[in-house]
> 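Dropping a structure here in C-alpha cells format, bear with me for questions.
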Amino acid sequence: MGDAPRSPADTLPKEPINLMRGWPNPSLLPISLIKSAANTALSDPDTAHDGLLYGPDPGYEPCREAVADWLTSFYQPAKRIGTDRICITGGASQNLGCMLGVYTDPEYTRNVWIVAPAYMLAFRVFEDAGFSGKMRAVVEDEEGIDLTYLRRELEKSEQAARKPDDVNQPRYKPVRKRAKVYKHVIYCVPTFANPSSRTMSLRRREELVRLARQYDALLVADDVYDFLQWPADLSQQAGTEALETMQTAHLPRLVDIDRALGGGAERDGADGFGNACSNGSFSKIAGPGMRVGWVEGTEKFAYGVSQTGTTASGGAPSQLTSTYITTLLSTGQLQHHIKTVLRPAYTLRYNTLMRAISTHLRPLGFSLLQPDRDVVGGYFVWLALPSSLTATPLAQRCKHDEDVVIGPGPIFEVPGDEEAAGFDGHVRLCFAWEEEWKLEEGVRRVGVVARRMLGEVEAGDGGYVVVEHEGDGREEVNAWK
Ligand SMILES: Cc1ncc(COP(=O)(O)O)c(C=O)c1O
C-alpha cells in the first residue's frame, strides 16, 4: 500500500515559531494604560516640562517615590524602602553598564563571577567594561548557586592578586568620594533565572551576602522576573484563587538581606555602600520599549549610580517614560495589570508549555530541573536533553526541518570559562512570546525533530547540516553523528 494522500496543509510552508525570543507577546502590553498615562503626563504643563527637560540625576522624584512604595508593598522588608535607596535607570542592561563604569576597575576588580547558565546578553556588557578574559562561571546547584566552588575560586583569585603590587589600587578609576571600586562582581538572577528558571534558596541568599561581604564583592541581582510568579502545580480553579494570595514576593532579595543582616551597610567597619543591589526593570511588566527601570541599593550606592558620567551630563535616563510609570504605579494600574492580566496569562502559557513538554518531550527522555517547587514564574523553561542529543545540532535541525527556533544551551555559557559550566545538554524554551497554540505546536515540532535524531543515532546514521542559528552569534558548520 502506498503512502496516504497528503493533505494540502502538509504542503503549505510551516508557520515559523520562535521559542527562543524573550519578549512579551504584544497582547500583554498595557498599551491603553500607557497611552492614558502619557496623556495625563503631557496634559499637565508641570509634568510635561519635568518630563521633557533634563531630569535630576537620581531620576524623576515622584517616580522614585512611587517605585519605593510599590517595592515596599511587594517585598515587605522590615523597614520601608526610602526614596534615597532608588535610582531610576534606562533598564537593567543600561544600568549594568553604568554600575560597572562607576563601581569597577578592569584591573583592580579581579573577576566577574557569573552564575551559569547565564543571561547571554550580559556578557557583552561585561566585555565593554573591560572584563573580557576575567569572566568566570559559577554553576547553579539545586539551591541556585554552588557556593563551595565560588568560595574556593574567590580565595584563589585573591591569592593570585596578592602578587603584583599594581593591582592593589584601582588603576583606571580616580579616587572618588561618591563611589568605590569593588574587588569582585557577582552577577546572578536569583528568582526565576534566565535561562534556567531556577530560584535561589533563602539559605543560599544569606550565605552569598556573607561571602560578598567577606571578599568585597558587589552582588548584582537582575531581579527582573520577580513579579511574574504563580503556583507551580494547581488546577486552573485553585490556581486562580492561589494567584490572589501571591501579591507579595515569596523570598527576600539579596538587597533586602544585605540591608537587614547584621546591621547592614552601617555595621562596624562597613563603608556604607553595601554589597548587593537590585537591578529592576519595567521591560517584562510594562514594555521593553519603555527603556526604564530602577536600581535599589544603599543610599550611598544609589547616589553613586546617579553620578555616572552619562547621567551627570544628560540627566537621569528615560526621564519622560518615568513620568508615565509614575502614573501607572501611583494609581495602582500597573499592579492591577500584573495581577489581572500578566500573572493569569503567564500561568496559562506556562501550563500549556509544560503540558506539551509532558506529552511530546518527556517520553523521549527530556527532563526538567527543580521540578518540585511550589512557586514558579518568569519567562523560561530549561530542559535537559536525552543523553544522546546535543543542543546545538538539535536547535539547528529544529530551525532547518521544522522552522522552530529554540535556545541551545551553549549560548548561555560564560565566554572564556565554558569548561567550568557547559550546557550542550540543555535547551531554553520561552513561553512569553508566541501565541499559546504555537507553544504547543512548537514543542510538538521539537519532539518530531528529537525523535528523528534519536532514530538516526540508533540506526548509526549521520546527519550533516549547515544552518545559521538565529541569535546565537556563533554560526557554525556542525557535523553530528
Ligand atoms: C536577566 C535579565 N536581565 C536583563 C534583561 C534586560 O532588561 P532590560 O530590558 O531592562 O534592559 C533581561 C531580558 O531578557 C533579562 O532576562
Side-chain angles (χ1 to χ4, degrees), residues 18-25 28-29 34 59 63 67 71 86-101 112-126 128-129 135 137-138 140 144-145 185-200 219-229 253-255 276-296 305 308 310 316-318 321-322 324-325 334 342 346 377-382 405 407 411-414 428-434 471-473:
N18 193 331
L19 299 180
M20 162 95 181
R21 180 171 279 177
W23 299 12
N25 184 274
L28 300 172
L29 299 171
I34 294 172
C63 190
V67 168
L71 297 180
I86 305 294
C87 181
I88 302 301
T89 70
S93 315
Q94 183 262 4
N95 186 50
L96 178 60
C98 289
M99 293 195 299
L100 294 172
V112 173
W113 305 89
I114 304 177
V115 178
Y119 172 51
M120 69 290 190
L121 297 177
F123 302 144
R124 196 183 296 182
V125 187
F126 293 121
D128 286 351
M135 290 184 272
V138 185
E140 286 179 343
I145 182 168
V185 172
I186 303 172
Y187 171 77
C188 57
V189 186
T191 302
F192 315 134
N194 178 2
S196 73
S197 201
R198 269 206 167 105
T199 293
M200 197 184 287
L219 285 164
V220 176
D222 273 5
D223 292 325
V224 303
Y225 296 105
D226 293 20
F227 299 87
L228 303 177
Q229 57 174 3
R253 296 165 298 173
L254 294 170
V255 79
C277 66
S278 174
N279 199 19
S281 175
F282 290 100
S283 290
K284 312 293 174 184
I285 49 184
M290 304 273 289
R291 293 287 82 212
V292 59
W294 69 93
V295 63
E296 183 186 335
V305 177
T308 190
T310 49
S318 309
T321 43
S322 52
Y324 308 168
I325 290 288
L334 186 61
L342 298 186
Y346 285 124
Y379 265 26
F380 306 106
V381 169
W382 182 241
V405 181
I411 67 172
F412 306 101
E413 292 170 1
V414 175
R428 184 191 81 174
L429 305 182
C430 175
F431 51 85
W433 172 245
E434 289 289 13
D472 71 6

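In listed order, ligands and their atoms are each counted from 1.
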> List the residues meeting side chain to side chain contact (heavy atoms under 4.5 Å, CB included) with Ser322, not counting sequence neighbours, and say none if there are none.
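Expected list: Tyr60, Cys63, Ile88, Val292, Gln319.
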> Describe, in one word, how the ring planes of Tyr379 and Tyr346 are oriented to each other, choosing from parallel (under 30°), tilted (30 to 60°) and perpendicular (over 60°).
tilted
> Would a 4.5 Å heavy-atom cut-off, applied to side chains only, mark Val381 and Phe431 as touching?
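Answer yes - side chains close enough.
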> For atom 1 (C) of ligand 1, grab the closest protein heavy atom and report residue, atom and distance to one decimal in Å.
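Its nearest protein heavy-atom neighbour is Val189 CG2, 3.6 Å.
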> Asn194 heavy atoms, cut-off 4.0 Å: which ligand 1 atoms fall inside?
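Those qualifying, in numeric order: 14 (O), 15 (C), 16 (O).
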> Return yes or no for this condition: an N or O of Asp222 is under 3.5 Å from an N or O of ligand 1.
yes
> Contact between ligand 1 and Lys284 is defined here as a heavy atom of the residue under 4.0 Å from a ligand atom; is it met?
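True for this residue.
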> What is the distance from atom OH of Tyr119 to atom CD1 of Ile411, rounded to the nearest 0.5 Å?
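If we round to the nearest 0.5 Å, Tyr119:OH and Ile411:CD1 are 11.0 Å apart.
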> Please report which non-hydrogen protein atom sits nearest to atom 11 (O) of ligand 1, along with the residue it belongs to and the distance in Å to one decimal place.
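Nearest protein contact, heavy atoms only, for atom 11 (O) of ligand 1 is Ser93 OG, 2.5 Å.
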> Below 4.0 Å, non-hydrogen atoms only: which portion of Ala92 touches ligand 1? Side chain, backbone, both or neither.
both
> With atom 16 (O) of ligand 1 as the reference point, say which of Trp294, Tyr119, Phe380, Tyr225 has the nearest heavy atom.
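Heavy atom nearest to atom 16 (O) of ligand 1 belongs to Tyr225.
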> State whether a side-chain donor-acceptor pair under 3.5 Å links Ser283 with Arg291.
yes
> Just to check, does Tyr379 reach to within less than 4.0 Å of ligand 1 when the distance is taken from its heavy atoms?
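Distance cut 4.0 Å: Tyr379 fails for ligand 1.
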> With heavy atoms of Gly91 as the reference, note each atom of ligand 1 found under 4.0 Å away.
10 (O)
> Under the 3.5 angstrom rule, does the side chain of Glu296 hit a backbone N or O of Ile86 as a donor-acceptor pair?
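The answer is no, because no donor-acceptor pair under 3.5 Å joins these two groups.
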> Among all protein heavy atoms, pick out the one at the shortest distance from atom 10 (O) of ligand 1; state its residue, atom name and that distance to 0.1 Å.
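Answer for atom 10 (O) of ligand 1: Ser281 OG, 2.6 Å.
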> Can a donor-acceptor pair be found, under 3.5 Å and without considering hydrogens, that links the side chain of Asn279 to the backbone of Ala92?
yes
> Over all heavy atoms of both residues, which pair between Gly22 and Arg428 is shortest? Give the atoms and the distance, please.
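Taking Gly22 first and Arg428 second, the nearest heavy atoms are N-NH2, 4.3 Å.
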> With a 4.0 Å heavy-atom cut-off (strictly under), which part of Arg291 contacts ligand 1: side chain, backbone, both or neither?
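The side chain, only.
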